[in-house]
Chemist: 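Here it is, the structure, as structure tokens.
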Amino acid sequence: MRHTSTQMLYDYFNLVRKGEPAPLRADVDPKALKTALPDVFVLETGQNGETTFRLAGMRVCAILGRELHGEDFNLLWLKTSRHKMNLLTQAVLASRQPVVGKAELIGETVSGHRLEMLLLPLCSQPGVC
């Protein structure tokens, strides 16, 4: 991991999951993540299987130039990558395992910002991510 906020989020994820594959969303304390919150986004999968932004931090929205709430996550990617990104997000939820290390994604926005993405599963109730 190249960014301190990414490492901090990963460390916090490991702390709050208490030995489980993924923590409960209710166990995540935003106050504990206050320095990383501008860099955080939360996705949710609807009944139709579409992955949308539940929330996005201020820095994420600023870099992408718009509010992301409700937007389809897969539409951020080139058409040739959308299916792979959808499979990746679904795999994180199904396996309840983070995407880190070899699967690390570094991207660049049109404005030249370098990005690092870490996908961490959250459960809305025990066993349901």
Side-chain angles (χ1 to χ4, degrees):
M1 288 178 240
R2 293 186 172 109
H3 295 283
T4 52
S5 60
T6 308
Q7 184 64 54
M8 184 261 238
L9 287 167
Y10 185 69
D11 292 344
Y12 184 73
F13 170 83
N14 284 323
L15 178 73
V16 298
R17 68 182 174 153
K18 303 172 188 162
E20 295 295 322
L24 287 170
R25 189 174 62 217
D27 290 341
V28 175
D29 179 6
K31 289 183 224 163
L33 300 171
K34 69 180 176 183
T35 59
L37 284 179
D39 300 318
V40 171
F41 60 86
V42 176
L43 302 173
E44 63 184 351
T45 303
Q47 298 292 349
N48 61 359
E50 185 177 271
T51 304
T52 58
F53 283 92
R54 182 179 177 97
L55 64 88
M58 289 175 42
R59 196 170 2 246
V60 175
C61 292
I63 288 170
L64 295 173
R66 63 190 180 278
E67 171 58 47
L68 297 168
H69 178 77
E71 187 170 322
D72 185 341
F73 174 72
N74 294 313
L75 293 180
L76 292 179
W77 311 99
L78 296 172
K79 283 185 179 183
T80 56
S81 301
R82 288 177 187 163
H83 180 67
K84 289 180 184 175
M85 289 307 297
N86 186 52
L87 291 176
L88 182 62
T89 56
Q90 296 308 315
V92 168
L93 293 176
S95 68
R96 292 188 280 156
Q97 294 296 314
V99 172
V100 66
K102 201 165 78 172
E104 172 184 4
L105 172 74
I106 302 293
E108 194 168 308
T109 67
V110 175
S111 58
H113 289 90
R114 289 188 53 82
L115 306 173
E116 178 176 59
M117 185 172 68
L118 171 66
L119 294 176
L120 301 168
L122 285 175
C123 291
S124 53
Q125 54 186 308
V128 180
C129 287

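Since the structure is predicted, the reported quantities are computational estimates derived from the model, not experimental observations. Atoms considered below: every heavy atom in the structure, side chains included; atoms not considered: hydrogens, waters and symmetry mates.
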Chemist: Report the distance from atom CZ of Arg54 to atom CZ of Phe41, rounding to the nearest 0.5 Å.
Modeler: 14.5 Å
Chemist: So, taking the atom named CG in Leu87 and the one named CE in Met85, what distance separates them when rounded to the nearest 0.5 Å?
Modeler: 10.0 Å
Chemist: I need the minimum non-hydrogen distance between Gly70 and Thr52, along with the two atoms involved.
Modeler: O-CG2, 3.7 Å
Chemist: From Leu55 CG over to Leu37 CG, what is the distance, rounded to the nearest 0.5 angstrom?
Modeler: 8.5 Å
Chemist: Quick one: pull up CG in Asp39 and CD1 in Ile63 and give me the separation to the nearest 0.5 Å.
Modeler: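 Spacing of CG (Asp39) from CD1 (Ile63) equals 7.0 Å.
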Chemist: With distance as the sole test, does Arg59 use its side chain to make a donor-acceptor pair with the main-chain N or O of Gly57 at under 3.5 Å?
Modeler: no
Chemist: Is any side-chain N of the basic residue among Arg96 and Glu20 closer than 4.0 Å to the acidic one's carboxylate O?
Modeler: no
Chemist: With heavy-atom distances below 4.5 Å as the criterion, would you say the side chains of Leu119 and Thr89 are in contact?
Modeler: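 The answer is yes; the side chains approach within 4.5 Å.
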Chemist: Would a single hydrophobic cluster contain both Leu33 and Met58, if residues Ile, Leu, Val, Met, Phe, Trp and Tyr are joined by side-chain heavy-atom contacts under 4.5 Å?
Modeler: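 Cluster IDs for Met58 and Leu33 differ.
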Chemist: Which atom names give the shortest non-hydrogen contact between Tyr10 and Pro98, and what distance separates them?
Modeler: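 Nearest pair, atom of Tyr10 first, then Pro98: CE1-CG, 3.9 Å.
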Chemist: Let me check something: do Met117 and Phe53 share a hydrophobic cluster, defined by ILVMFWY side-chain heavy atoms less than 4.5 Å apart, either directly or through other members?
Modeler: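 The answer is yes; both residues are in one hydrophobic cluster.
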Chemist: For Trp77 and Phe73, take the angle between the two ring planes, folded into 0 to 90°, and tell me which bin it lands in: parallel under 30, tilted 30 to 60, perpendicular over 60.
Modeler: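 Ring orientation, 0 to 90° scale: perpendicular.
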Chemist: When rounded to the nearest 0.5 angstrom, what distance separates CG in Leu120 from CZ in Arg17?
Modeler: 9.0 Å
Chemist: Locate the shortest heavy-atom distance separating Leu118 from Val99; write the atom from each residue and the value.
Modeler: CD1-O, 2.9 Å
Chemist: Enter the distance from Glu50:CD to Asp72:CG here, rounded to the nearest 0.5 Å.
Modeler: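 Rounded to the nearest 0.5 Å, the CD-CG separation comes to 4.0 Å.
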Chemist: If we ignore angles and hydrogens, is there a donor and acceptor under 3.5 Å between the side chains of Gln90 and Thr51?
Modeler: yes
Chemist: Is there a side-chain contact between Val60 and Pro38 in this structure, where contact means two heavy atoms from C-beta onward sitting under 4.5 Å apart?
Modeler: no
Chemist: Hey, are the side chains of Glu71 and Leu76 touching, using non-hydrogen atoms and a 4.5 Å cut-off?
Modeler: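 Glu71 reaches Leu76 side chain to side chain.
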Chemist: Answer yes when Lys18 and Asp27 have at least one side-chain N-carboxylate O distance shorter than 4.0 Å, and no when they do not.
Modeler: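 Asp27 and Lys18: salt-bridged.
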Chemist: Which heavy atom in Pro126 sits nearest to a heavy atom in Leu24, and how many Å separate them?
Modeler: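 Looking at all heavy atoms of both residues, the shortest contact is N-CD2, 3.5 Å.
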Chemist: Can you give me the closest heavy-atom contact between Tyr12 and Ala32, atom names plus distance?
Modeler: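 What the structure gives for the nearest pair is CE1-CB, 3.5 Å.
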Chemist: For Leu93 and Cys129, work out which heavy atoms get closest and say how close.
Modeler: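 Taking every non-hydrogen atom into account, O-CB, 3.8 Å.
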